[in-house]
Amino acid sequence: MLQLSYIRDNKDDVLKRLAIKNFKDAESIINSIIELDNNRKSAQRQADDTKAEANGLAKQIGDLMKSGKKEEAETLKIKTAELKQKEKLYDDALKGIEQEMHKWLVTVPNLPHITVPVGKTPEDNEVVNEHGSIPVLHSSAKPHWELTTKYDLIDFELGVKLTGAGFPVYKGKGARLQRALINYFLDKATAKGYNEVQPPILVNADSGYGTGQLPDKEGQMYHCQVDDLYLIPTAEVPITNMYRDVILKEGDLPIKNCGYTPCFRREAGSYGKDVRGLNRLHQFDKVEIVQIAHPDKSYETLEDMREFVSGLLQELELPYRTLKLCGGDMSFGSALTYDLEVWSAAQQRWLEVSSVSNFETFQTNRLKCRFKDANGKTQFAHSLNGSALALPRIVASLLENNQTETGIKIPKVLVPYTGFEIIA
RNA sequence: GGAGAAAUGGCAGAGUGGUCGAUUGCGGCAGUCUUGAAAACUGUUGAACCGUGAGGUUCCUGGGGUUCGAAUCCCUAUUUCUCCGCCA
């Protein structure tokens with residue numbers, strides 16, 4: 001959610017940047033928000049003045065009662081009755097305006113950073129770098145969904161039987177590989193100074209609103225209606241919401257947390273080759289890194305996080321590239337997003353394995369996550385998060401890229417975690 | 001799941017209808033003293049909104065109500081604690 005004061009003071013800038021995000025009707029929506037805010041101010045003025053008057057009278061009545069002047073008190077009481085009606089009227093009006101304003105505000109996406117490329121589709125994303133060489137596979141190389149069957153690593157059919165499509169069963173060395181990756185990622189993150197947390201994987205609606213999954217992406221989350229809880233689509237939700245309604249000390253920043261959780265996504269509307277094998281699942285594992293940063297430092301932090309994730313891919317010896325997302329491809333709440341994609345040799349395409357974003361104050365404004373600066377003023381912190389990493393597509397490319405005629409080789413850094421060097 | 005008790009500022013903990021946004025202690029911050037530190041002493045220390053300012057309004061878990069007036073009374077939700085039941 002954008003900050004009202006920023007919208008008021010920088011309307012032109014806001015409109016210019018919303019255009020980069022291809023946000024429709026920006027001008028009319030921003031205008032109505034500003035107009036509503038003006039109404040809000042005068043409504044609050046009226047309400048406050050009325051209350052001040054009523055408070056004054058109540059105090060007078062108290063004094064009169066104490067000094068035994070009952071009759072005078074009674075006359076004043078009659079006066080307050082009228083004020084009370086007015087009070088209710090003004091309060092209701094104010095509440096109505098605030099609700100209306102909030103309704104509009106949550107529809108406005110975050111402003112993109114000035115360096116965000118203009119564009120509408122993934123083709124317009126800017127390639128920041130490419131790393132590693134594209135492997136050449138032997139003639140009988142297979143896509144990962146055949147390899148997982150051949151070596152009995154993942155049983156997609158069994159998952160369908162237990163739950164449905166997109167809920168695979170990992171078996172034997174496949175299951176062990178999952179555990180190895182999770183441990184490896186967590187070890188790397190904690191070594192980098194991230195504090196490991198294990199959050200709940202069901203969250204309440206407040207948490208959903210805090211990080212922006214609600215109200216706009218409601219349909220993408222699994223919802224336990226009996227208890228009104230949501231299965232998390234990413235650990236970002238619980239980990240960032242730990243700082244909802246919190247005022248931090250400036251010295252506490254940056255706060256670095258990481259956590260492993262399963263993630264659940266309904267993925268309504270996905271189809272075709274996108275959902276083949278491990279490419280898109282309803283349940284998958286991910287290690288997430290989250291930082292709460294000082295506004296002056298958040299872009300340095302973003303680069304740090306990007307480099308950390310790149311380092312993981314390098315150690316895993318996977319060819320990858322980094323994209324800076326264009327305005328049209330960025331998520332609703334992000335100000336700047338890097339996507340990291342690994343090359344999937346048998347599918348001959350790039351697979352997104354990490355998304356690293358700076359949300360600036362977009363989430364912290366909703367969360368009311370603030371810090372006290374050197375002057376004792378409270379201001380919103382910046383929130384950032386990134387996948388480090390999401391497992392399925394890493395597994396897909398590891399299996400595909402490292403396949404040989406004699407088996408699938410495990411990258412050196414993982415061997416201590418898997419306990420085996422080859423899947424054969 | 002059943003019965004009872006409770007929820008107040010960063011923490012502890014007063015306050016049971018009228019200058020209470022809230023006594024006090026701890027913690028935090030600033031100062032005095034000190035070569036420095038500690039101790040001691042002094043001061044200061046919640047948030048949001050409106051207002052150039054003076055100042056005003058709101059917030060004592062959330063929501064609703066009673067009253068001229070609510071932290072204080074009533075209803076309700078949530079959470080915590082104790083006891084019982086169930087249980088990985």
Side-chain angles (χ1 to χ4, degrees), chain A residues 1-9 33-106 198-210 214 224-230 238 241-253 255 292 361 363-381:
Chain A
M1 198 161 70
L2 296 181
Q3 289 175 255
L4 245 180
S5 55
Y6 192 85
I7 295 178
R8 295 191 67 96
D9 299 343
I33 288 172
I34 292 175
E35 194 190 321
L36 280 165
D37 189 43
N38 289 333
N39 295 343
R40 185 194 114 250
K41 284 185 185 184
S42 53
Q44 184 174 346
R45 193 73 196 260
Q46 281 181 314
D48 283 359
D49 287 348
T50 313
K51 283 178 191 169
E53 203 181 334
N55 286 346
L57 283 179
K59 207 164 271 180
Q60 281 182 43
I61 291 170
D63 291 342
L64 289 172
M65 298 285 253
K66 242 192 235 166
S67 50
K69 295 176 185 162
K70 267 205 154 168
E71 273 169 44
E72 284 179 54
E74 288 304 323
T75 8
L76 283 182
K77 273 194 195 182
I78 294 162
K79 247 173 119 178
T80 56
E82 187 192 333
L83 280 175
K84 248 185 106 174
Q85 277 189 4
K86 265 166 82 177
E87 229 179 280
K88 188 157 166 43
L89 225 65
Y90 291 146
D91 272 347
D92 288 349
L94 182 62
K95 213 183 269 178
I97 292 168
E98 281 176 341
Q99 274 170 6
E100 178 83 5
M101 199 164 64
H102 188 257
K103 216 177 77 195
W104 284 112
L105 265 175
V106 294
Q198 204 175 94
I201 58 181
L202 275 82
V203 293
N204 57 30
D206 282 348
S207 294
Y209 279 102
L214 296 175
C224 305
Q225 299 190 355
V226 179
D227 297 295
D228 195 21
L229 294 172
Y230 295 85
N241 271 281
M242 298 196 304
Y243 302 94
R244 172 152 47 85
D245 295 319
V246 168
I247 299 178
L248 298 155
K249 296 191 198 98
E250 193 169 19
D252 295 338
L253 303 175
I255 291 175
I292 308 291
T361 61
Q363 291 183 328
T364 52
N365 185 22
R366 291 189 177 205
L367 292 161
K368 293 197 179 64
C369 168
R370 293 158 293 176
F371 72 96
K372 224 183 247 289
D373 67 19
N375 305 320
K377 256 189 67 181
T378 53
Q379 52 170 307
F380 290 113

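Letters A, B, ... mirror the listed sequences (proteins, then strands); counts begin at 1.
For the P atoms, the distance from B/U61 to B/C11 is 13 Å, rounded to whole Å. Spacing between B/G31 and B/C81 at atom C1', rounded to whole Å, works out to 43 Å. With both ends at atom P, the span from B/C83 to B/C26 equals 34 Å, rounded to whole Å. Atom C1' of B/G53 sits at a distance of 25 Å from the matching atom of B/C59, rounded to the whole Å. The same atom, P, is picked in B/G10 and in B/A6; the two are 24 Å apart, to the nearest Å. When the C1' atom is compared between B/A22 and B/G18, the two are found 14 Å apart, to the nearest whole Å. Straight-line distance between the P atoms of B/C74 and B/G2: roughly 23 Å, to the nearest whole Å. To the nearest whole angstrom, the two C1' atoms, one in B/C60 and one in B/C73, are 16 Å apart.
Across all strands shown, nothing is found opposite B/U67 as a Watson-Crick or G-U wobble partner with both distances under 3.5 Å. With a 3.5 Å ceiling on both atom-pair distances, the Watson-Crick or G-U wobble partner of B/C81 is B/G4. Checking B/G51 for Watson-Crick or G-U wobble geometry (two distances, each under 3.5 Å) identifies no partner in any strand. Using N1 to N3 plus N6-O4 or O6-N4 for Watson-Crick, or N1-O2 and O6-N3 for G-U wobble, each under 3.5 Å, B/G10 pairs with B/C26. B/A37 makes up no base pair with any nucleotide shown, lacking Watson-Crick or G-U wobble contacts both under 3.5 Å.
Side chains of A/D373 and A/Q379: a donor-acceptor N/O pair is present below 3.5 angstrom, by distance only. Side chains of A/R8 and A/N38: a donor on one and an acceptor on the other come within 3.5 Å.
Rounding to whole angstrom units, NZ of residue A/K84 and C1' of B/U66 are separated by 8 Å. Rounded to a whole Å, the CG atom of A/D228 is 12 Å from the P atom of B/U78. In this structure, A/L57 atom CG and B/U19 atom P are separated by 16 Å, rounded to whole Å. Distance A/F371 CZ to B/G10 P: 18 Å, rounded to the nearest Å. Rounded to a whole Å, the CG atom of A/D91 is 18 Å from the P atom of B/C49. Regarding A/N365, its CG atom lies at a distance of 13 Å from the C1' atom of B/A48, rounded to whole Å. Distance, A/R45 CZ to B/G56 C1': 8 Å, rounded to whole Å. The interatomic distance linking A/R8 (CZ) with B/C50 (P) rounds to 8 Å, in whole Å.
Using a 4.0 Å heavy-atom cutoff across all strands shown, A/K372 reaches sugar-phosphate atoms only and no base atom.
Note on A/T378: a side-chain N or O is less than 4.0 Å away from OP1 or OP2 of B/A48. A sub-4.0 Å separation between OP1 or OP2 of B/U57 and a side-chain N or O of A/N55 is present.
Listed nucleotides: B/U57, B/G18, B/G64. Nearest to the side chain of A/A52: B/U57. Closest to the side chain of A/R40, out of B/G46, B/G18, B/C50, is B/C50. Distances were taken from every side-chain heavy atom of A/Q44 (C-beta onward) to each of B/C68, B/C49, B/C50; the shortest belongs to B/C49. Side chain of A/A58, nearest nucleotide from B/G18, B/G64, B/C50: B/G18.
Rounding to the nearest 0.5 Å gives a distance of 14.0 Å between CG of A/L89 and NZ of A/K84.
The pair A/E100-A/K103 meets the salt-bridge criterion, with a side-chain N (NZ, NE, NH1 or NH2) lying under 4.0 Å from an Asp/Glu carboxylate O. Taking the charged nitrogens against the carboxylate oxygens, A/K88 and A/D92 do have a contact shorter than 4.0 Å, which makes a salt bridge.
With RNA chain B read from its 5' end, the first of the two nearest nucleotides for A/K77 and A/G56 is the one closest to A/G56. Mapping A/A47 and A/G62 onto RNA chain B by nearest heavy atom places A/G62 closer to the 5' end of the strand.
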Please walk me through it: do A/L94 and A/R40 pass side-chain contact (heavy atoms from CB on, under 4.5 Å)? CA-CA 6 Å; A/L94 182 62; A/R40 185 194 114 250; 3.8 Å; yes
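In this structure, A/T364 contributes its side chain and A/A381 its backbone to a donor-acceptor pair below 3.5 Å.
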